[in-house]
Each structure stands twice: as C-alpha cells, then as structure tokens.
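My questions all concern the structure below.
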Amino acid sequence: MSFNTKRAGQLVLIGVAAATLAACASKPKPAPAAEAPAPAPTAPSYPTTPPAPPPVQSGPIPGSVQDFVVNVGDRVYFDLDSYSVRADAEPVLAGQAAWLARYPAVKIRIEGNADERGTREYNLALGARRANSVRDFLVARGVSAARIETISYGKERPIDGGSGEDAWAKNRNAGTAITEGAR
C-alpha cells in the first residue's frame, strides 16, 4: 500500500464531503417537553372577601331640614277666609311638634300665606292669623314659643302662580321653615 499525494487528496476530499454532509444534516427535533402544569392556586395571605361596606344612609339625615320636610311635612292648608287648623292638618302639626321635641335646638318660622283674592292688607292679616294658629297648635303640644317666630307673606309668595281654585287652595297655607339648629 503506497501513500501518494493523489490518494491523500482523495482522502481529504472524502473527509471534507463527509464533514459537509454532517454539517447539513438536520438534528432531530427534540420532543416537545410536556407543558408544565399550572401551579395550584394557593390561599392568599389576605382575606378574599372584601369587608362589608358601611351602611349607606338612605333617606334624609335625621334632624336635617330635609328630614323635617320629607318625613314630617312642612306645610298645612286652610279653607277660604279661614285660619282654623283643619282636621287634615292636625297630624302634620302633631308630627312637627314631636320632631321639634326630638331636636330642641331647632328654631322655626311659621310663614302664613293667602291666595290672590282680596286686598293686600286683608291677605297680610289673614296670613298672620294662619301663622299664629299653627304657632298656637305647636305651643299647645309643648313646643316653646321662644323657638317660634311668625311672619305673613299674604298673597306675595304664592306656591302656585295659577289663577283658579286648585292654585288658590295651594296658596292658602302656612309653611314651617327651620331657621337654625338643624343638621
């Protein structure tokens, strides 16, 4: 066996070809790894249930002007040319007296009103008599007269600007306004 350069060149070419083939050969793809299972949920270190929200105040705040208007009523109505407290007004005024007993720091103003019929002077006097009737009712129920002031607006501040019996009936009233001490 002789070793010559031709034979050496052939061996080199065969080696290069084998190396080339080996380099081009694709490697087998690795088998996809099994997907790792999701970690089991662990219990959080904080409470999962949110704390109950504070109770929502529904309705007016007790002792407020709105409480008085909504839950008691701030207005009573009168018949034509009358300043007598009607039977349907007595529960409202009794409620006002009870509410005022619960909140002794509250002071009020009774505002007497009349409808548009009659002279200005007559309606001012009628409004004053209506306001005084309401004040007398409340005082008779234990409300201190020192907490009550009265005023007459006569026909100057109608709550219904219409002309007709429905409007007049609404405007023959006495409204109770809280002037101080409410929440």
Distance-only polar pair, side chains of Asn113 and Asn173, donor-acceptor under 3.5 Å: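 Yes.
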
Note, Arg147 side chain near Ile108 side chain (heavy atom, < 4.5 Å):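 They are not in side-chain contact.
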
Candidate list Val92, Thr176, Ile159, test side chain to side chain contact (heavy atoms under 4.5 Å, CB included), partner Arg75, passing option: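 With Arg75 as partner, side chain to side chain contact (heavy atoms under 4.5 Å, CB included) holds for just one option, Ile159.
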
Expected output: side-chain Ser133 to main-chain Arg129 donor-acceptor under 3.5 Å: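 Checking the backbone N and O of Arg129 against the side chain of Ser133, a donor-acceptor pair under 3.5 Å is found.
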
Ile151, CD1 atom: more than 12 neighbouring heavy atoms under 6.0 Å: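 Yes, enclosed.
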
Side chain to side chain contact (heavy atoms under 4.5 Å, CB included) between Leu80 and Arg117, intermediate numbers included: CA-CA 10 Å; Leu80 178 65; Arg117 298 172 290 178; 3.3 Å; yes

For Ala114 against Leu126, the heavy-atom pair lying closest together: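 Answer, listing the atom of Ala114 first, then Leu126: CB-CD2, 4.3 Å.
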
Where Ala97 and Arg141 come nearest, the two heavy atoms and their spacing: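 The answer is CB-CB, 3.5 Å.
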
Side chain to side chain, Val143 and Arg135, heavy atoms closer than 4.5 Å: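 Heavy-atom side-chain distance check fails, nothing below 4.5 Å.
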
Same apolar cluster (I L V M F W Y, side chains within < 4.5 Å links), Phe137/Val139: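 Yes, same cluster.
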
Backbone N/O of Arg109 and side chain of Thr179: donor-acceptor pair under 3.5 Å: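 Side chain of Thr179 to backbone of Arg109, a donor-acceptor pair under 3.5 Å: no, none is there.
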
Residues Lys155, Glu121: salt bridge by 4.0 Å N-O rule: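 No, no charged N to carboxylate O under 4.0 Å.
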
Over 12 non-hydrogen atoms of neighbours within 6.0 angstrom of CZ in Arg157: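 Result for CZ/Arg157: open.
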
Intermediate values then yes/no, side chain to side chain contact (heavy atoms under 4.5 Å, CB included), Gln66 and Ile61: CA-CA 7 Å; Gln66 188 180 16; Ile61 297 170; over 6 Å; no

Donor + acceptor pair across side chains of Asp81, Tyr122 (<3.5 Å):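 Yes.
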
Closest non-hydrogen atom pair, Arg172 against Asp79: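 Looking at all heavy atoms of both residues, the shortest contact is NE-C, 3.6 Å.
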
Residues in side chain to side chain contact (heavy atoms under 4.5 Å, CB included) contact with Ala128, at least two apart in sequence or another chain: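 For Ala128 the side chain to side chain contact (heavy atoms under 4.5 Å, CB included) partners, ignoring immediate neighbours, are Ser152.
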
Glu156 and Arg120 ion-paired at < 4.0 Å: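 Salt bridge between Glu156 and Arg120, a charged N being under 4.0 Å from a carboxylate O: yes.
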
Ile110 reachable from Tyr83 in the ILVMFWY side-chain graph, under 4.5 Å edges: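 No, no single cluster joins them.
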
Exam field: side chain Asn123 to backbone Asp115, donor-acceptor pair closer than 3.5 Å: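 Pair found, side chain donor or acceptor close to backbone of Asp115.
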
Closest non-hydrogen atom pair between Tyr77 and Arg86, with its separation: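 Scanning both residues completely, I find the closest heavy atoms to be O-NE, 3.5 Å.
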
Qualifying residue, where the test is side chain to side chain contact (heavy atoms under 4.5 Å, CB included) with Asp67 and the options are Val65, Asn71, Val70, Val69: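 Among Val65, Asn71, Val70, Val69, the one meeting side chain to side chain contact (heavy atoms under 4.5 Å, CB included) with Asp67 is Asn71.
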
Any donor-acceptor pair under 3.5 Å from Gln96 side chain to Leu138 backbone: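 No.
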
Same apolar cluster: Val106 and Leu93, side chain cutoff 4.5 Å: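 Val106 clusters together with Leu93.
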
Over all atoms of both residues, closest heavy-atom pair of Ser163 and Glu116: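 Minimum heavy-atom contact is OG-OE2, 2.6 Å.
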
Minimum heavy-atom distance Ser84-Ser82, with the two atoms named: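 In terms of heavy atoms, the two residues are closest at N-OG, 3.1 Å.
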
Pro62 side chain near Tyr103 side chain, heavy-atom distance below 4.5 Å: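 Pro62 vs Tyr103: side chains touch.
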
Modelled atom types, side-chain donor and acceptor of Asp160 and Trp168, under 3.5 Å: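 No pair is found: no donor N or O on one side chain lies under 3.5 Å from an acceptor on the other.
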
Side chain to side chain, Ile178 and Trp99, heavy atoms closer than 4.5 Å: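 A side-chain contact exists here, since the closest heavy-atom pair is under 4.5 Å.
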
Val134 and Phe78, any side-chain heavy atoms less than 4.5 Å apart: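 Contact flag for Phe78/Val134 side chains = yes.
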
